[in-house]
Amino acid sequence: MMGTTSVVSSAISMNSYAKILRKEDHEVFVVSNGEKGSVSAHKPAVISSAEILADNKDIYYSGDDHVHDLKQPSIPGWFAEYSPIWPGQAHFLKVEKILFQGSSKYQSMMVFQSSAYGRVFVLDGALQLTEKDECSYQEMITHLPLCSIPNPKKVLLLGGGDGGILREISRHSSVEQIDICEIDSMLIDVYKEFFPDIAVGYEDPRVSLHITDGIAFLESSSGGNYDAIIVDAFDPLRPDHDLFKTSFFEMVVKALRPGGVLCIQAESIWFDSLDIEQIATKCRQIFKGAVEYAWTIVPAYPSGVIGFLLCSSEGPSVNFKSPINPIDHHLNESFGVAKAPLKFYNSEIHSASFCLPSFAKKKMVMIEDVSKVGS
């Protein structure tokens, strides 16, 4: 197990998607004839669906310390994801064919063809994205911040190695420079080979790829240059997250221009481990502008939803709930490097994403009231 600093540094830049869970919380097992064993990272690159289904072989995913506590059916030919972060449930996808399995020096990767969600990418045992619903996540984490400010010109992406957020940023014609930090070049290559419509974001000539650690990149930044920073790269953001124990958010504020914005994945409102009140309170102590929580629907994720924390630095006011830089496909003829118009995002769903269920809204209202008293 890596130390705290190493976990934060590597996670910021090497994990390509929002739903990363700590590796020690997960293990992939293959059950064949009643015996468990770890899945090898060095299997042949392509395994047919017949091989998966043969010999009553079950593929399922289980928390390392909870194997004997997990009471779920043994289903041949299905991938299952389970973690103590969402106890008492597991998510299954039927596997048609495993297209790739391998490991870089940082992490293990798997790509398989599913029956219902198209191609699926799995990182260290955790489902990262599917062809069917990646649009709802990629479009929202990108356009919620970029459509909330006028004419964004310089954008920094930490993580997001799949290229989907780059694809979405490319739709904004005002953007002049896109920096992305991703530490694992193999991950990028795998996405380019198996998910070309997502990795197409790398084809934008405005993109500068930095194979480096995201925190190191921020530390070396001259400061005050970015209109927006999008962070798509680590395990679920919680009040006790290691990032809050470092100067990461302070470095983000320094790297943003006045009135610049941050958008960071903030997991699901349905999990008790996420305390919106504490997270928002901590961010309000660091960012002097607006702090809001939005959410979107991603069927392949546990609970079917995932959230975003949006923060603005001190300077021109930002109202995240009312987009001032519309990019609806009927208004925007340019798709950037994307092959198709927007599938999920529009101005109406932008504003609606900040409408919270009563239990979550109550907490956010309390935070706003406390902030007004404090000011």
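The structure displayed is predicted, hence computed values, not measured ones. For this chain, numbers begin at 1 and follow the sequence in order.
Taking the six-membered ring where the residue is Trp, Phe121 and Phe195 present perpendicular rings, their angle passing 60° and hence far from 30°.
Side chains of Asp184 and Gln107: a donor-acceptor N/O pair is present below 3.5 angstrom, by distance only. Donor-acceptor pairing under 3.5 Å is lacking for the side chains of Ser103 and Ser108.
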Quiz item: Between Phe320 and Val291, does a side-chain contact (heavy atoms from CB on, under 4.5 Å) hold up when you go through it step by step?
Solution: CA-CA 9 Å; Phe320 288 112; Val291 175; over 6 Å; no
Exercise. Please step through side-chain contact (heavy atoms from CB on, under 4.5 Å) for the pair His172 and Ile327, ending with a clear verdict.
Key: CA-CA 8 Å; His172 290 264; Ile327 195 172; 3.4 Å; yes
Practice problem: Could you give me the CA-CA distance, side-chain angles and deciding distance for Ile198 and Leu129, then say whether side-chain contact (heavy atoms from CB on, under 4.5 Å) is met? | Solution: CA-CA 10 Å; Ile198 298 174; Leu129 62 74; 3.9 Å; yes
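We find that Arg167 and Glu134 are joined by a salt bridge, their nearest charged nitrogen and carboxylate oxygen being less than 4.0 Å apart.
No side-chain donor-acceptor contact under 3.5 Å links Tyr345 to the backbone of Gln138. In this structure, the side chain of Ser353 engages the main chain of His350 through a donor-acceptor pair within 3.5 Å. A donor-acceptor contact shorter than 3.5 Å links the side chain of Ser313 to the backbone of Gly259. Panel note: side chain Asn319, backbone Ser148; no donor-acceptor pair is recorded below 3.5 Å. Of the possible polar contacts, one joining the Glu81 side chain to the Leu127 backbone as a donor-acceptor pair under 3.5 Å is found. Between the side chain of Ser268 and the backbone N or O of Ser303 there is no donor-acceptor pair closer than 3.5 Å. Between the side chain of Ser221 and the backbone N or O of Ala255 there is no donor-acceptor pair closer than 3.5 Å.
Residues passing the salt bridge (Lys or Arg N to Asp or Glu O under 4.0 Å) test with Asp204, sequence neighbours excluded: Arg206. In terms of the side-chain contact (heavy atoms from CB on, under 4.5 Å) criterion, residue partners of Lys132 (sequence neighbours excluded) are, by chain and number, Tyr117, Thr130.
Partner Asp227 forms a salt bridge (charged side-chain N to carboxylate O under 4.0 Å, His left out) with one of Lys154, Arg257, Lys153 and no other, that one being Arg257. Checked against Tyr137 for a ring-ring contact (aromatic ring centres under 6.0 Å, His included), the options Trp295, Phe308, Phe344 give a single hit: Phe308.
For Gln177, the CD atom counts as densely surrounded, since its 6.0 Å shell holds more than 12 non-hydrogen atoms of other residues, nucleotides or ligands.
Hydrophobic clustering (ILVMFWY, side-chain heavy atoms < 4.5 Å, transitive): Val122 and Val298 are in one cluster. Neither Leu166 nor Val337 shares a network with the other; the hydrophobic side chains, linked directly or stepwise wherever heavy atoms of I, L, V, M, F, W or Y lie under 4.5 Å apart, form separate groups for each.
Side-chain contact between Ile180 and Leu156 is absent, with no heavy atoms from C-beta onward closer than 4.5 Å.
The distance between the ring centers of Phe92 and Phe79 does not fall below 6.0 angstrom.
Judged by the 6.0 Å and 45° rule, Lys97 forms no cation-pi pair with Phe112.
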